[in-house]
Amino acid sequence: MSEVGTRILEARHITKRYPAPNRRTLLACQDVSLDFYQGKTLGIVGESGCGKSTLMRMVMSLERPDEGRLFYRGKDITDIKGEELRRHRQKIQMVFQDPAEAFSPKMKVMDIICEPLLNFKRIKGSEREETARRYLEMVELPGDFARRYPHSMSGGQRQRVGIARALVLEPELIVCDEATSALDVSVQKSIIELLVRLQREKGIAYGFVCHDMALVQSLSHRVAVMYLGNIVEELPGEEVAAGCLHPYTRTMVEAVFDLRMDFGKPIEPMESVSAGQQDIYAGCPFRSRCPRRMEICESRRPALKEVASGHRVACHLYA
Ligand code: ADP
Ligand code: MG
């Protein structure tokens with residue numbers, strides 16, 4: 001295990017476009033730069049459709065950016081392919097929202113957990129059960145679950161199996177894309193505790209993607225806030241509640257407080273804007289919803305600028 005503080009993955013100026021109806025182009029990610037560090041969690045938060053999963057598919061080398069570069073431990077991996085790509089993929093694993101959908105219902109838990117190891121010929125078929133037991137215990141499940149099928153387990157137990165599977169190749173970065181969003185709050189809490197313990201023990205970097213601001217800020221060392229394909233703010237997790245500056249982040253944080261603390265106050269709904277509804281080539285992506293909109297916001301996209309150590313904001317108010 002290398003030192004905490006090592007940069008595992010760097011995304012630099014990543015842009016991804018998709019074709020949209022009426023010959024338009026949808027900018028799913030626009031000029032995104034982020035870093036993932038050993039033993040640290042980078043939370044990525046934003047409403048549904050803001051481009052979180054698209055960004056993570058590029059981080060995982062499942063899709064290629066149209067512009068920008070990706071570096072793994074300093075090495076440019078943007079264009080790798082074939083066997084090199086296959087080998088590289090071992091280093092970055094993913095925990096899905098619902099492992100019941102991700103895994104074949106016909107596979108036993110031991111086959112699900114050991115499949116990546118068998119693919120890379122790291123174990124023999126005869127070693128499956130013993131290996132699966134070891135990883136089940138690591139995620140605090142009974143070893144006997146190795147012989148079960150996923151449908152006979154609860155959502156939280158299945159998610160632990162998903163985590164065990166993500167661990168077997170000893171990845172340096174694990175992307176959790178809404179990995180706890182479908183679970184009850186108490187189950188969610190126990191899964192988060194497990195992820196935190198595993199990170200402490202193994203020094204894994206996490207990319208924790210979630211639309212729940214309260215949850216993200218509670219476990220992330222750093223939080224990146226996405227809006228319509230853009231990172232609009234990035235800051236330490238502990239500073240989000242009191243120190244966030246971007247009007248969008250403030251809206252999200254205040255929504256959290258409205259829901260949790262002041263039940264007497266009417267809640268202003270945050271209506272969703274899908275990336276396709278707005279032309280985001282020019283101007284600030286948040287301008288149509290921003291309570292503090294100025295003239296410049298119509299025509300010029302604010303750059304992400306450092307306003308304090310470790311705190312970046314893309315907003316003309318802080319230019
Ligand atoms: P999130 O994970 O934040 O909910 P996504 O990354 O899934 O957002 O999607 C971002 C935007 O890109 C959405 O408008 C979505 O419809 C669009 N999108 C995602 N994948 C594709 C694709 N393969 N083809 C076309 N549009 C896509
Ligand atoms: Mg998503």
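Atoms considered below: every heavy atom in the structure, side chains included; atoms not considered: hydrogens, waters and symmetry mates. The shown structure was predicted, so the numbers you read here are calculated from the model rather than taken from an experiment. Whatever order the structure lists ligands and atoms in, that order sets their numbers, starting from 1.
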Report summary line: Sorted by chain and number, protein N/O/S atoms nearer to the Mg ion (ligand 2) than 2.8 Å are S53 OG
**Report entry** P19-ligand 1 polar pair, N/O distance under 3.5 Å
**Finding:**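 By distance alone, the answer is no.
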Query raised in the report: Would one find an N or O of G49, backbone or side chain, under 3.5 Å from an N or O of ligand 1?
Result: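 Yes, since at least one N or O of G49 sits under 3.5 Å from an N or O of ligand 1.
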What do you reckon, is [atom1] of [X] surrounded by more than 12 foreign heavy atoms closer than 6.0 Å?
X    : atom1 : result
R250 : CZ    : yes
E306 : CD    : yes
E170 : CD    : no

Query raised in the report: Backbone, side chain, both or neither: what part of L26 comes under 4.0 angstrom of ligand 1, heavy atoms only?
Result: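 It is the side chain that touches ligand 1; the backbone stays farther off.
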Query raised in the report: Counting heavy atoms only, which part of R57 comes closer than 4.0 Å to ligand 1: side chain, backbone, both or neither?
Result: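 Contact part for R57 vs ligand 1: side chain (C-beta onward).
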Query - Closest candidate by heavy atom, reference atom 5 (P) of ligand 1, pool L228, L27, T54, V45 - result: T54
Query raised in the report: Within 45° of the six-membered ring axis of F120 and under 6.0 Å from that ring's centre, is NZ or CZ of R86 located there?
Result: yes
**Report entry** Heavy atom of G51, distance to ligand 1 below 4.0 Å
**Finding:** yes
Query - Atoms of ligand 1, numbered as shown, that sit under 4.0 Å from any heavy atom of A28 - result: 12 (O)
Report task. Enumerate the atoms of ligand 1 whose separation from the nearest heavy atom of S48 is less than 4.0 angstrom. Result ->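 Near S48, the atoms of ligand 1 are 4 (O).
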With a 3.5 Å cut-off and sequence neighbours excluded, list the donor-acceptor pairs that the side chains of residues 309-319 form with protein atoms.
unit_1, atom_1, unit_2, atom_2, d
H311, NE2, E233, OE2, 2.6
R312, NE, E234, OE1, 3.2
R312, NH2, S33, O, 3.1
R312, NH2, E234, OE1, 2.4
H316, NE2, R300, O, 2.6
Y318, OH, L245, O, 3.1

Query raised in the report: Hey, does the side chain of D212 reach the backbone of L215 with a donor-acceptor pair shorter than 3.5 angstrom?
Result: yes
Query raised in the report: Counting only N and O atoms by type, is there a donor-acceptor contact under 3.5 Å from the side chain of S104 to the main-chain atoms of K106?
Result: yes
Requested in this report: Answer yes if the side chains of S53 and D177 hold a donor-acceptor pair under 3.5 Å, and no otherwise.
Outcome: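 There is such a pair (donor and acceptor under 3.5 Å, judged by atom type) between the side chains of S53 and D177.
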Requested in this report: Would you kindly say whether T78 and D76 are connected by a side-chain donor-acceptor distance under 3.5 Å?
Outcome: yes
Query - Ring geometry between H151 and Y149 (parallel below 30°, tilted from 30 to 60°, perpendicular above 60°) - result: parallel
